[in-house]
Amino acid sequence: MNVSKPLSSSLSGSIIPMMQLQGKEEAALWLPLQQDWGNRWCTMPQRYLSFCDRIDAFETRASDVFVVTFMKCGTTWMQELAWLLLNRLDFDQAKRSYLMDRSIFMELSTIRDRYGKDSVTVCDQMSNPRLIKTHLPAQLLPREIWLRKRKIIYVARNAKDVVVSSYHFMKGVGHWEGSIDEFVDEFMKDRVMFTSYLSHFVDFYRMRNEKNIFFVTYEEMKRDLKQVIERLVKFLDCQPLDEIQMEQLLKYLSFENMKSGEHSNPTRYFKARPDFEFMRRGIVGSYKDELSAAHREALDNWTQNYLNEYGLNEFEIFGNI
Ligand code: PPS
C-alpha cells in the first residue's frame with residue numbers, strides 16, 4: 001500500500017486530518033476484477049494507518065457476511081435487514097439493542113474512539129454469524145474476503161443524494177465545518193472521508209455477478225423492498241419467509257418505524273449537534289431541493305464522465321432518481 005502526502009492542509013471544511021491511500025497493486029492477481037488497485041484512491045483519517053495492516057490480515061470465517069457501502073448509501077437499513085434474516089427475525093433482540101452493537105463497524109476506531117478497545121478486535125471477537133459493516137473500498141478490504149470468497153452485500157446510492165446525506169451527517173457529528181458548496185467540491189476532488197465515491201461503487205457494480213456478491217441500490221430498496229428481501233434470503237441461504245413474516249419484516253424496516261424505534265434509530269448513538277438526525281429524510285431525490293442547479297449539473301457530469309470509461313450510465317444502475 002502506498003500512502004501519499006497528508007492532505008489535511010487542503011481540506012477546507014474537514015476538521016479531522018485526512019490522507020489519501022493508494023491500493024495494493026499485487027491485488028490484481030486475485031481480485032475478481034483483475035483491477036489494478038494501484039490506481040484506486042481512498043481518503044482516510046490518519047489514525048487508519050495504525051489499523052490498516054490488521055484490517056488487511058483480518059481472519060474471516062465461512063459464516064461471515066460483510067455489508068460494504070460508501071457512507072450514507074443505506075448501510076443501516078441493509079444491516080438491520082440482513083441481521084434480522086441471519087437471526088431468524090429476532091425482533092425482540094433488535095428492539096432491545098443498537099444495531100451498531102450487533103453488527104460492528106470494522107474501521108470505526110480509525111475515525112473515533114467508541115469502545116475502549118478497538119473495533120477490529122471487537123469484530124474479531126463477535127460470535128457467529130458475524131455481520132460486519134465497512135465503508136472501505138474493495139482495494140482496502142481484508143484480503144481473506146477475496147481469497148476465500150466471503151459473502152459481501154454491497155449497497156450503492158446515487159451520487160447527488162449521497163453527497164447531501166453525507167454533508168448533513170458529517171456536519172451533525174462534527175466532522176465537517178464548511179458549507180455544503182465546499183463539501184460538494186471536496187467530495188468531487190476525492191477529499192472527503194472514504195472517497196473516491198465513484199470507484200467505490202463502480203468496482204462492486206462490475207463484480208455484481210460474482211456468486212459471493214449481492215449488489216443492490218438504495219433506490220431499488222425504496223422501489224421494491226420485498227423483491228430485494230426475497231433475493232437476499234436466497235443469497236444468505238435463509239429459510240424462505242411466509243407472508244406474515246414478510247409483512248412483519250417490511251413493517252419493521254419502514255423508515256417511519258425505524259425512525260421511531262429507540263434502538264433502530266441510531267441518532268442517540270452519536271455525540272452530535274442537538275439538531276442532528278441520522279434518520280433524516282429517507283427518500284430518493286432529496287438532492288432536488290437541497291443542491292444548487294450548478295452542483296446538480298456538476299455532479300451529473302462528473303458521474304457520467306467516470307461511468308463512460310466503463311460503458312455504464314447512471315440510469316442503468318440506479319433507475320429514475
Ligand atoms: S452510515 O452512517 O454511512 O452508515 O449511513 P447509512 O445508513 O448508509 O445511510 C443513512 C441514510 O439512509 C437512510 N435510511 C433509510 N431510508 C429508508 N428507509 C429506512 N428504513 C432507512 N434507514 C436509514 C437515512 O435516512 C439516511 O438517508 P438521508 O437521505 O440522509 O435521509
Side-chain angles (χ1 to χ4, degrees), residues 44 66-84 91 94-95 98-108 110-112 114 119 131-137 153-176 180 183 187 192-195 197 200-201 204 216-226 228-229 232 248-273 275-291 318 321:
M44 290 296 287
F66 291 83
V67 175
V68 184
T69 59
F70 187 84
M71 65 172 157
K72 312 325 282 183
C73 287
T75 328
T76 312
W77 195 13
M78 175 51 82
Q79 277 174 285
E80 195 67 271
L81 162 56
W83 188 90
L84 283 163
F91 293 109
K95 283 178 196 161
Y98 279 115
L99 176 67
M100 280 87 158
D101 295 328
R102 289 177 274 128
S103 170
I104 306 297
F105 181 13
M106 180 174 248
E107 67 275 16
L108 177 63
T110 73
I111 305 166
R112 69 195 176 105
R114 170 75 176 83
S119 52
L131 182 69
I132 296 176
K133 160 184 168 174
T134 175
H135 291 318
L136 292 174
I153 300 171
Y154 189 90
V155 190
R157 191 180 189 183
N158 79 80
K160 295 185 295 264
D161 281 338
V162 168
V163 168
V164 170
S165 184
S166 301
Y167 165 74
H168 287 291
F169 178 79
M170 303 267 281
K171 190 133 188 145
V173 299
H175 284 176
W176 187 264
I180 190 162
F183 188 83
F187 191 91
V192 169
M193 189 150 41
F194 297 114
T195 56
Y197 153 83
H200 201 299
F201 84 83
F204 280 95
V216 69
T217 63
Y218 179 91
E219 291 75 6
E220 193 182 339
M221 290 174 72
K222 287 294 293 186
R223 268 195 307 274
D224 191 350
L225 187 58
K226 185 174 176 204
V228 173
I229 294 173
L232 190 61
Q248 284 176 322
L249 188 54
L250 287 168
K251 200 170 158 200
Y252 192 83
L253 294 169
S254 73
F255 182 79
E256 294 70 26
N257 183 62
M258 282 183 63
K259 187 176 166 100
S260 65
E262 191 187 338
H263 289 102
S264 53
N265 182 346
T267 301
R268 281 184 295 276
Y269 194 84
F270 294 91
K271 278 198 198 110
R273 288 158 50 128
D275 59 348
F276 171 70
E277 187 52 84
F278 185 96
M279 305 284 293
R280 210 179 52 90
R281 294 180 73 179
I283 59 168
V284 176
S286 74
Y287 71 87
K288 289 177 186 167
D289 55 10
E290 296 196 61
L291 283 183
F318 300 105
I321 55 169

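For ligands, and for the atoms within them, numbers begin at 1 and follow the listed sequence. Count residues from 1 along the sequence. Side chains included, hydrogens not; waters and symmetry mates left out as well; all remaining heavy atoms used.
The nearest protein atom to atom 7 (O) of ligand 1, hydrogens excluded, is given as T76 OG1, 2.5 Å; this is a heavy-atom distance. Closest to atom 17 (C) of ligand 1 among all protein heavy atoms lies Y218 OH, 3.3 Å. For atom 20 (N) of ligand 1, the closest non-hydrogen atom on the protein side is L253 O, 2.9 Å. Regarding atom 4 (O) of ligand 1, its nearest protein heavy-atom neighbour is K133 NZ, 3.0 Å. With respect to atom 24 (C) of ligand 1, the closest heavy atom belonging to the protein is F278 O, 3.8 Å.
Close placement of the F187 and Y197 rings is indicated, their centers lying within 6.0 Å of each other. A distance of 6.0 Å or more separates the ring centres of F318 and Y218.
A cation-pi contact links K72 to F278, judged by a cut-off of 6.0 Å to the six-membered ring centre and 45° from its axis.
Between F70 and ligand 1, a contact under 3.5 Å exists for no N or O pair. Considering backbone and side-chain N/O of M258, none are found under 3.5 Å from N/O of ligand 1. Between S286 and ligand 1, a contact under 3.5 Å exists for no N or O pair. Not a single N or O atom of F169, backbone or side chain, sits closer than 3.5 Å to an N or O atom of ligand 1.
Remark: ligand 1 atoms within the under-4.0 Å shell around heavy atoms of G282 are 16 (N), 17 (C), 25 (O), 28 (P), 31 (O). Residue contact check: R280 has heavy atoms under 4.0 Å from atoms 25 (O), 28 (P), 29 (O), 30 (O), 31 (O) of ligand 1. The contact set between ligand 1 and M71, taken as ligand atoms under 4.0 Å from a residue heavy atom, comprises 3 (O). Remark: ligand 1 atoms within the under-4.0 Å shell around heavy atoms of S165 are 26 (C), 27 (O), 28 (P), 29 (O), 30 (O). Near F255, meaning under 4.0 Å from any of its heavy atoms, are these atoms of ligand 1: 15 (C), 16 (N), 17 (C), 18 (N), 19 (C), 20 (N), 21 (C), 25 (O).
Side chain to side chain, R280 and S286 meet the donor-acceptor criterion of an N or O pair below 3.5 Å. At a cut-off of 3.5 Å, with distance as the only test, no side-chain donor of H168 or E277 sits close to an acceptor on the other residue. A donor-acceptor contact under 3.5 angstrom links the side chains of T134 and E107, judged on distance only.
Taking only non-hydrogen atoms, the option from M100, H135, R281, R157 nearest to atom 27 (O) of ligand 1 is R157. One option in K72, K222, M279 has a heavy atom closer to atom 3 (O) of ligand 1 than any other, and that option is K72.
Classified by interplanar angle (parallel below 30°, tilted 30° to 60°, perpendicular above 60°), the ring pair H200/Y154 is tilted. Note: F194 and H135 have perpendicular aromatic rings, judged against thresholds of 30 and 60 degrees for the angle between ring planes.
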Could you give me the CA-CA distance, side-chain angles and deciding distance for Y269 and F276, then say whether ring pair (Phe, Tyr, Trp, His ring centres under 6.0 Å) is met? CA-CA 11 Å; Y269 194 84; F276 171 70; over 10 Å; no
